[in-house]
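Single-structure report; data block below.
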Amino acid sequence: MDSQDAPLSHLNDEQRAAVLALHGPVLVVAGAGTGKTRTITHRIAMLIREGVAPSAILAVTFTNKAAREMRERVERLVGRGGVRVGTFHGFCASFLREEFPVIGRSGDFSIYDEGDSLALMKKVVEELKLDPAQTRPVDLRRAVGRWKDRFMTPAEAAQASTFGQHAIEARAYALYDANLVAANACDFDDLMIQALRLLLDHEVVRLRWQKRISHVLVDEFQDTNPIQYALVRTLSAPGGNLCVTGDQDQSIYSWRGADPGNFDNFLNDYPSARIVKLERNYRSSANILGAASRLIAHNKRRIAKTLRTQAPAGEAVRVVVFNDDSEEAAAVADAAQTAIREGAQPDEIAVFYRTNSLSLPVERALLARGVRYRVVGGLEFFARAEVKDLIAWLRWMSNRQDTVSFERIMNTPPRGLGDAAVERLEAIAAERGVSLPVLCADATAFGSLPERTRKAALAFCKLIHQLETELQAGRGVRAFAEELLELTAYSAWWATKASKAGSLDPFGNIGQFLTLAGEYDGTRGGRLADFLAEISLLTDLDRTVDDGPAVNLMTLHTSKGLEFDQVYIVGVDQSILPHVWAELEDRDDEEERRLLHVGMTRARQRLVLCAAQLRSRFGQTTVTGPSALLDELGRDGVERFGDESPRRDPRPFKQRWRDNSGDDNWASDASQCDDGEDHPLAALREGSRVFHQDFGAGEVLTVRGHQMGLERKVVVLFDGNQRRTLILRHSGLTLLDT
DNA sequence: CCCTGCTAATCCACG
DNA sequence: ATTAGCAGGG
């Protein structure tokens with residue numbers, strides 16, 4: 001693909017302009033499929049040819065996979081490596097590994113994923129003596145996240161929130177942050193925040209990196225948040241050699257703080273910036289591009305941009321409305337199977353969906369037909385209990401301050417150090433002013449404990465020192481992990497535990513993890529801390545194992561940046577795309593439209609959009625019907641199949657949700673909606689007296705499920721002490737006056 | 001102290 | 001439909 005010697009050949013005029021704008025600020029507006037990666041790659045190659053040291057170039061990509069590809073392509077072009085290519089998180093992690101000592105923190109810090117972060121927040125809730133039911137750790141973490149996105153310190157958050165719930169959240173933020181520092185850990189947000197703070201507050205650090213890096217390139221600029229933008233702006237400040245590339249029509253991460261307004265900010269911050277627009281699409285057939293363009297044209301807040309192509313019309317874009325999701329899944333699986341039989345590469349076929357849960361019916365259908373597939377992301381390998389345990393062990397061995405990991409492994413496998421023992425040990429630790437992990441490594445500290453606990457603690461202490469010796473031996477991550485599994489007796493414990501649960505391959509995941517560690521030892525030096533950092537920062541895409549040709553299943557979000565010959569998008573239903581939450585949270589649905597647009601523009605030759613009238617969700621069947629977005633595709637080169645009269649609720653979504661609590665639907669039982677409050681059982685509450693034909697009179701104990709939900713359940717204590725759980729709709733209960 | 005079985009709560013996208 | 005949290009028995 002890339003020419004060996006002429007960096008400018010195979011580029012069109014627009015692309016060439018972007019490549020040749022070597023220095024100073026550059027904004028490349030690159031629509032889907034316009035050869036953005038090729039342009040960036042050539043630009044890097046050009047910089048190197050012009051004498052810029054590879055290590056002085058920093059290119060930030062969205063996934064490690066994209067980074068790898070870019071690195072390889074640059075190497076092929078210029079015959080040398082050394083360019084810094086990686087994700088924001090990856091760059092910040094290596095930056096902090098080097099620079100944390102400047103503020104007295106160890107470079108061997110732990111990186112907490114969402115689960116770890118939540119575990120820490122649970123601890124904070126306990127410490128603050130809050131009721132976890134009323135103040136949920138997830139909500140607190142979300143609130144903290146909002147402050148972090150705005151680069152606010154706990155002190156600033158406290159200042160801005162002096163009343164009520166916000167004040168509680170601010171206190172939680174302060175405690176959460178203090179705990180992170182004490183554990184020498186960073187959550188994902190912290191990686192960027194800490195890096196930026198170091199750059200802004202410490203001139204030595206800033207000058208060091210500004211000297212080191214002369215040119216910065218950012219891919220997918222529309223999905224960067226203000227902190228990330230500040231980071232690259234600071235790094236590139238002396239020369240102003242900042243080149244950003246992106247497409248506002250592909251901005252789909254506002255929910256995690258990305259600010260598409262970055263484009264305007266960039267133009268304000270760099271008035272002299274050169275702007276290059278790439279509008280020639282080389283990926284999709286004319287029909288696909290046409291439908292995608294008509295869809296996105298419905299967004300009001302966008303800079304008009306016209307993608308052109310010289311490709312032939314190709315086959316028509318198909319919109320198919322099925323009766324239900326299993327029909328939909330069967331049709332997609334059939335299509336995939338047929339295509340493969342006719343010679344298509346399985347890898348070139350993809351199925352996209354809005355939410356991970358939608359993959360299940362498709363998976364079942366593919367499985368039934370024997371079509372190989374891989375689910376990108378979704379149920380995560382690294383979220384498996386045994387993998388998390390092992391990682392927690394390794395992490396704590398690498399960072400002894402890591403309390404979250406320590407609390408996970410302290411009694412895993414069980415060694416007689418349960419809740420009661422932990423409380424006693426914590427008391428001693430507090431008394432001596434040391435942390436729990438430090439205390440446990442000190443055999444002299446257990447004198448006052450009850451005999452049984454003392455013995456358990458001593459044995460644990462001995463184990464820790466044994467493991468330490470093993471780690472010192474430095475025989476690589478894999479060898480150490482294997483030794484750890486034996487010494488801690490984890491293998492034996494897990495084997496019995498898993499066999500009781502009926503697992504066929506209890507060591508499957510552990511084996512896979514060891515293989516991963518072995519590969520790492522072989523290629524990248526076998527340092528435990530680096531290995532841990534690397535695996536913490538893998539994206540869904542990077543995590544997916546490539547074991548042979550297979551059809552690709554993934555969310556629309558994950559599909560960004562990829563392309564396939566054939567794309568099937570399932571679940572283009574109302575309330576799924578746009579998703580209910582988008583409307584409930586009062587977010588505009590322009591982002592949902594962009595999301596569909598991203599998915600559509602991944603397709604080269606074939607694009608099929610599927611919807612269903614009925615879809616089972618939460619284990620129940622609800623009416624959804626085709627999304628209104630499907631009406632916006634126009635007619636040119638679009639063929640429609642299935643129900644011509646979609647069952648679509650005419651009411652605005654918010655009202656529909658409020659009235660039906662989202663669980664019910666208007667079409668399956670219209671009377672329920674219309675007579676709402678007049679329903680004979682609408683007044684039923686806890687404590688109501690009811691009558692049942694078989695069980696007689698009784699009192700309602702609990703009511704579960706939504707107000708008008710199909711599956712609303714009631715628990716009734718009938719006179720005579722008989723307790724029954726009934727499905728309200730089918731119970732035949734009548735309400736008695738009291 | 002550990003395990004089992006049950007109830008109750010959650011369910012959007014991601015590094 | 002899946003899972004986290006909890007009460008109660010071994």
Side-chain angles (χ1 to χ4, degrees), chain A residues 60-64 86-93 111-119 122 132-133 136-138 145 186-192 220 223-225 228 251-258 352-358 360-361 376-380 382-383 385 411-422 450 452-453 456 493 496-497 500-501 533-543 554-560 571 575-585 587 591-592 594-596 598-599 616-621 662-663 702 704-705 711 713 715 725:
Chain A
V60 188
T61 56
F62 208 68
T63 63
N64 293 303
T87 62
F88 270 108
H89 293 89
F91 170 75
C92 291
I111 298 172
Y112 282 177
D113 66 19
E114 215 168 328
D116 302 318
S117 165
L118 210 54
K122 276 178 192 159
R136 299 187 313 166
V138 251
C186 289
D187 60 25
F188 288 135
D189 302 332
D190 265 358
L191 292 173
M192 260 104 56
E220 309 284 9
D223 286 323
T224 55
N225 68 31
Q228 293 166 332
S251 157
I252 55 175
Y253 283 103
S254 71
W255 49 272
R256 68 174 209 209
F352 302 155
Y353 32 78
R354 173 67 230 259
T355 68
N356 278 306
S357 60
L358 292 175
L360 271 166
V376 181
L379 276 181
E380 291 170 28
F382 288 94
N411 203 30
T412 312
R415 59 175 64 81
L417 296 174
D419 293 345
V422 171
R452 215 168 122 184
T453 313
W493 174 71
T496 50
K497 196 177 152 81
K500 271 179 210 161
E534 196 164 312
I535 61 169
S536 319
L537 297 174
L538 295 178
T539 64
D540 272 358
L541 209 58
D542 308 315
R543 272 195 279 254
M554 69 191 80
T555 63
L556 286 163
H557 282 91
T558 306
S559 78
K560 197 180 67 161
S575 85
I576 291 180
L577 191 70
H579 196 273
V580 274
W581 285 102
E583 303 204 31
L584 283 172
E585 286 168 6
R587 255 188 295 117
E591 180 150 321
E592 299 285 310
R594 289 194 290 266
L595 192 52
L596 182 58
V598 165
S616 43
R617 293 195 297 167
F618 316 139
Q620 298 172 33
T621 303
D663 214 8
T702 57
R704 269 186 299 143
E711 298 296 315
K713 287 183 185 124
V715 180
T725 305

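By convention in this document, chain letters (A, B, ...) are assigned in the order of the sequence lines, proteins followed by strands, and residues within each chain are numbered from 1.
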Worked check of ring-ring contact (aromatic ring centres under 6.0 Å, His included) between A:Phe188 and A:Phe88: CA-CA 10 Å; A:Phe188 288 135; A:Phe88 270 108; over 10 Å; no

Can you name the salt bridge (Lys or Arg N to Asp or Glu O under 4.0 Å) partners of [X], sequence neighbours left out?
| X | value |
| --- | --- |
| A:Arg452 | none |
| A:Asp223 | A:Lys560 |
| A:Asp113 | none |

Kindly say whether [Y] contributes a backbone atom to a donor-acceptor pair with the side chain of [X] at under 3.5 angstrom?
| X | Y | answer |
| --- | --- | --- |
| A:Tyr353 | A:Met554 | yes |
| A:Arg594 | A:Ile252 | no |
| A:His579 | A:Arg354 | no |
| A:Asp187 | A:Asp190 | yes |
| A:Glu220 | A:Thr61 | no |

May I ask you to say what [X] touches in the nucleic acid, namely base, sugar-phosphate or nothing, with a heavy-atom cut-off under 4.0 Å?
| X | result |
| --- | --- |
| A:Asn411 | sugar-phosphate |
| A:Lys122 | sugar-phosphate |
| A:Thr63 | nothing |
| A:Ser357 | nothing |

Interatomic distance, [X] [atom1] vs [N] [atom2] [rounded to whole Å]:
| X | N | atom1 | atom2 | answer |
| --- | --- | --- | --- | --- |
| A:Asn356 | B:dC12 | CG | P | 10 Å |
| A:His579 | B:dC11 | NE2 | P | 11 Å |
| A:Leu595 | B:dC12 | CG | C1' | 10 Å |
| A:Asp116 | B:dG15 | CG | C1' | 13 Å |
| A:Leu360 | C:dT2 | CG | C1' | 11 Å |
| A:Ile252 | B:dC14 | CD1 | P | 9 Å |
| A:Asn225 | B:dA13 | CG | P | 20 Å |
| A:Leu537 | B:dC14 | CG | C1' | 13 Å |

Out of [options], which nucleotide sits closest to the side chain of [X]?
| X | options | result |
| --- | --- | --- |
| A:Arg136 | B:dC2, B:dT10, B:dC12 | B:dT10 |
| A:Thr558 | B:dC12, B:dG15, B:dC14 | B:dC14 |
| A:His89 | B:dA13, B:dC3, B:dG15 | B:dG15 |
| A:Thr87 | B:dC14, B:dG15, B:dC2 | B:dG15 |
| A:Glu114 | B:dC12, B:dC3, B:dG15 | B:dG15 |
| A:Arg256 | B:dC14, B:dA13, B:dC3 | B:dC14 |
| A:Thr355 | B:dC14, B:dC12, C:dG5 | B:dC12 |

5' precedence on DNA chain B between A:Gly418 and A:Tyr253 (nearest-nucleotide basis): A:Gly418

Contact list (N/O, under 3.5 angstrom) for nucleotides 4-7 of chain B vs protein:
none

Partner set under side-chain hydrogen bond (donor to acceptor under 3.5 Å, both in side chains) for A:Thr87, not counting sequence neighbours: none

Presence of donor-acceptor pair under 3.5 Å, side chain of A:Asp113 and base of B:dG15: no

Ring-base stacking, A:Phe88 with B:dG15 (5.5 Å, 30° cut-offs): no

Between B:dC12 and C:dG5 - C1' atom distance, rounded Å: 24 Å

Side-chain heavy atoms of A:Thr555 within contact of A:Asn356, under 4.5 Å: yes

Return the polar atom pairs (N/O with N/O) between nucleotides 6-10 of chain C and the protein under 3.5 Å, or none.
none

